[in-house]
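Note sheet for the following structure.
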Number of protein chains: 2
Amino acid sequence: MTALYQDVALRLRRAISDGTYPPGSQLPSEHELAEWFGVARSTIRHALAMLGEDGVVASHRGARRTVLAVPRLQNFGELRSFSLWARSIGAEPSGRVELLERRAATEVQARELGLSADDPVIYVVRVRLLDGKPVMIERTAYVERAGLLLSFVDLERESISERLEEHGIVFAHAEHTIDAVNATPDDARLLAIEPGLALLRERRRATDPRGQALEWSEDRYVGDAVAFTIRNSIALSPLVRDRAATPETAAASTTNSGN
Amino acid sequence: MTALYQDVALRLRRAISDGTYPPGSQLPSEHELAEWFGVARSTIRHALAMLGEDGVVASHRGARRTVLAVPRLQNFGELRSFSLWARSIGAEPSGRVELLERRAATEVQARELGLSADDPVIYVVRVRLLDGKPVMIERTAYVERAGLLLSFVDLERESISERLEEHGIVFAHAEHTIDAVNATPDDARLLAIEPGLALLRERRRATDPRGQALEWSEDRYVGDAVAFTIRNSIALSPLVRDRAATPETAAASTTNSGN
DNA sequence: TAGTGGTCTAGACCACGCC
DNA sequence: GCGTGGTCTAGACCACTAT
């Protein structure tokens, strides 16, 4: 069912989590692991490469691998879906729909979603709550193909992404741009906070496995409720620091231009 | 010198950048690429895996790879070093040292750096400027081994990380936690902005190749000057959403809590 | 059904760390 | 010099897509 290397990776993760190989210690050699697991060395290497991508182990030619940290659980689905994420930390997610309409795409939405000007999008504004406390405003434009299915979803209770996956709409890739903004009066009203409070803004473009844009969203998190964490290393650096988009630079910026 | 697969990856990146394989198009098959480049299929796969990690291509069993986006240039060094990053976007970096002293680690610093209470750290507060405009405050605690070398660095002009690398201190891994805070009066004074303006806060723990902590830093960026971008996918998700540190949760949390 | 990517093996040689 | 991880090859079989 699952691939051998995934099984090996899982078992190594567990061994690190349960203290067999605590952070700072060294892993057995690839040769030893291959013997113990009864697989080829390349299969062990494939598994170890995955741990390396997660920042769990570090490796250097000539020396055994070092354990850097205990693995984190979170997966892509939990990052994309507020509901999944909330439940994974033991909180009860809910949502309040402020707006849901089919309308012409704005210039930005059209560019990010790869649409022509005035193509229709489904635009949704939702306030997301954690254990009854508002923590985020989600302003999302869906392409028509995905958005039309929203009429089948109970937006107050259900997870949009979970329901869309049941209908064959799969989110596979995303690009996130993160900066900070002060809460507008409108933000403050929706989140029941003071205007001017610092909010963490995440602009997200998500695509299906083929790279076809499915949604473009601008989410604003209450600064003291949510944070993002990224691990990276010399070998793997998915995080990029950008000059923020300003009215003058927005048009020229590569971060924001679509497709 | 460079590995074959790295050379192949570079050439494929170039082919995507120059429009040979634009976003949305399909790459040739692994078999074809292996023949063209004169290498084994596994070498091609290794190169393509790197492009996949960067979110440049997507792959599915049975179908050819799809180009998702044009590759971004930035590397790990440019993320860690403000100076390198600034020059890479064509701006002139500078810095102003507000404080530099050797002192006992705070509780948080000791925990993040893996020190005992009251072990000494080198604490530096610097304002970083882009083309003369203040955009960031950097409050960094270095472990003694790295920090003592700072006396050899011209902090107003030089890049700390570049000089430390010359002395054998190599930054290899980092974990970043990002949230939003309002500028304190002190922040506002240093950055020449209004108090209360939304700032992007990055707390960063960086280690050497062995996972030994080298620095722990709390940086605050002016919200309209800098943003961070992350790409991820089902297969690779280095980004994690966390509940932010609150006075109650800070003690239990490993990721966060303030300076 | 042919082609494609995903997985896995067995073996080779090399560059580097450590003793 | 020995053990380690890094690179590379050649070939096999399988699961899935496209047609």
Side-chain angles (χ1 to χ4, degrees), chain A residues 1-12 21 24-53 55-68 168 170 172-173 208-212 233-236, chain B residues 1-12 21 24-53 55-68 168 170 172-173 208-212 233-236:
Chain A
M1 185 68 194
T2 60
L4 253 181
Y5 76 90
Q6 283 172 343
D7 186 53
V8 170
L10 182 63
R11 293 215 256 166
L12 287 172
Y21 307 115
S25 68
Q26 300 212 300
L27 246 37
S29 73
E30 297 175 354
H31 181 75
E32 284 173 319
L33 290 170
E35 245 181 21
W36 298 351
F37 285 105
V39 300
R41 183 180 160 220
S42 59
T43 303
I44 295 291
R45 283 183 61 76
H46 197 164
L48 288 169
M50 309 205 68
L51 301 210
E53 285 169 10
V56 172
V57 300
S59 66
H60 333 275
R61 226 198 281 261
R64 291 192 172 191
R65 279 179 178 76
T66 309
V67 178
L68 289 175
V170 178
H173 305 276
D208 68 11
R210 300 303 178 76
Q212 283 292 309
S233 66
I234 288 180
L236 177 72
Chain B
M1 185 68 195
T2 60
L4 252 182
Y5 76 90
Q6 283 172 343
D7 186 54
V8 170
L10 182 63
R11 292 214 257 167
L12 288 173
Y21 307 114
S25 69
Q26 300 211 301
L27 245 37
S29 73
E30 297 174 355
H31 180 76
E32 285 173 317
L33 290 171
E35 247 182 20
W36 298 351
F37 285 105
V39 299
R41 184 181 158 218
S42 59
T43 303
I44 296 290
R45 283 181 62 76
H46 197 164
L48 288 169
M50 309 207 69
L51 300 209
E53 286 168 9
V56 172
V57 300
S59 67
H60 332 275
R61 230 199 269 267
R64 292 191 171 191
R65 279 179 178 76
T66 309
V67 179
L68 290 175
V170 178
H173 305 277
D208 68 13
R210 300 300 177 77
Q212 284 293 309
S233 67
I234 287 180
L236 178 71

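Numbers restart at 1 for each chain; the letters A, B, ... are given by sequence-line order, proteins then strands. Every heavy atom of this structure was used, including side-chain atoms; hydrogens, water molecules and symmetry mates were not.
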In Å and rounded to the nearest 0.5 Å, what is the CG to OG distance from A:Leu48 to A:Ser42?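 Rounded to the nearest 0.5 Å, the CG-OG separation comes to 11.5 Å.
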So how far is it from B:Leu68 CG to B:Leu51 CG, rounded to the nearest 0.5 Å?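 That separation rounds to 10.5 Å.
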Would you mind classifying the nucleic acid contact of [X] as base, sugar-phosphate or nothing, using non-hydrogen atoms under 4.0 angstrom?
X       : answer
A:Arg45 : base
A:Ser42 : base
B:Arg65 : sugar-phosphate

First and last nucleotide of DNA chain C touching chain A, 5' to 3', heavy-atom cut-off 4.0 Å?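 Contacts span C:dT7 to C:dG17, reading 5' to 3'.
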5′-ward residue of the pair B:Val39/B:Gly62 relative to DNA chain D: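 Looking at the nearest nucleotide for each, B:Val39 comes out on the 5' side.
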Both A:Arg41 and A:Leu4 contact DNA chain C. Which one's nearest nucleotide lies toward the 5' end?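 Counting from the 5' end, the first nearest nucleotide belongs to A:Leu4.
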Which residue lies toward the 5' end of DNA chain C, B:Glu32 or A:Gly38, if each is placed at its nearest nucleotide?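 Here B:Glu32 is the residue nearer the 5' end.
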Before you tell me yes or no, could you show the steps for A:Thr66 and A:His60 under side chain to side chain contact (heavy atoms under 4.5 Å, CB included), namely the whole-Å CA-CA distance, both residues' side-chain angles and the distance that decides it to 0.1 Å? CA-CA 9 Å; A:Thr66 309; A:His60 333 275; 4.1 Å; yes
Is the phosphate of D:dT17 approached by B:Arg61 (side-chain N or O, under 4.0 Å from OP1 or OP2)?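 Negative; the distance criterion is not met.
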Please find the pair of heavy atoms, one from B:Ala47 and one from B:Ala9, that lie closest to each other, and give the distance.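 Scanning both residues completely, I find the closest heavy atoms to be CB-N, 3.7 Å.
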Any pair with a residue in residues 42-51 of chain B that passes salt bridge (Lys or Arg N to Asp or Glu O under 4.0 Å), sequence neighbours left out, goes on the list, sorted by first then second residue, please.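 Qualifying pairs: B:Glu30-B:Arg45.
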Heavy atoms, side chains only, cut-off 4.5 Å: are B:Val57 and B:Leu12 in contact?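 The answer is no; the side chains never approach within 4.5 Å.
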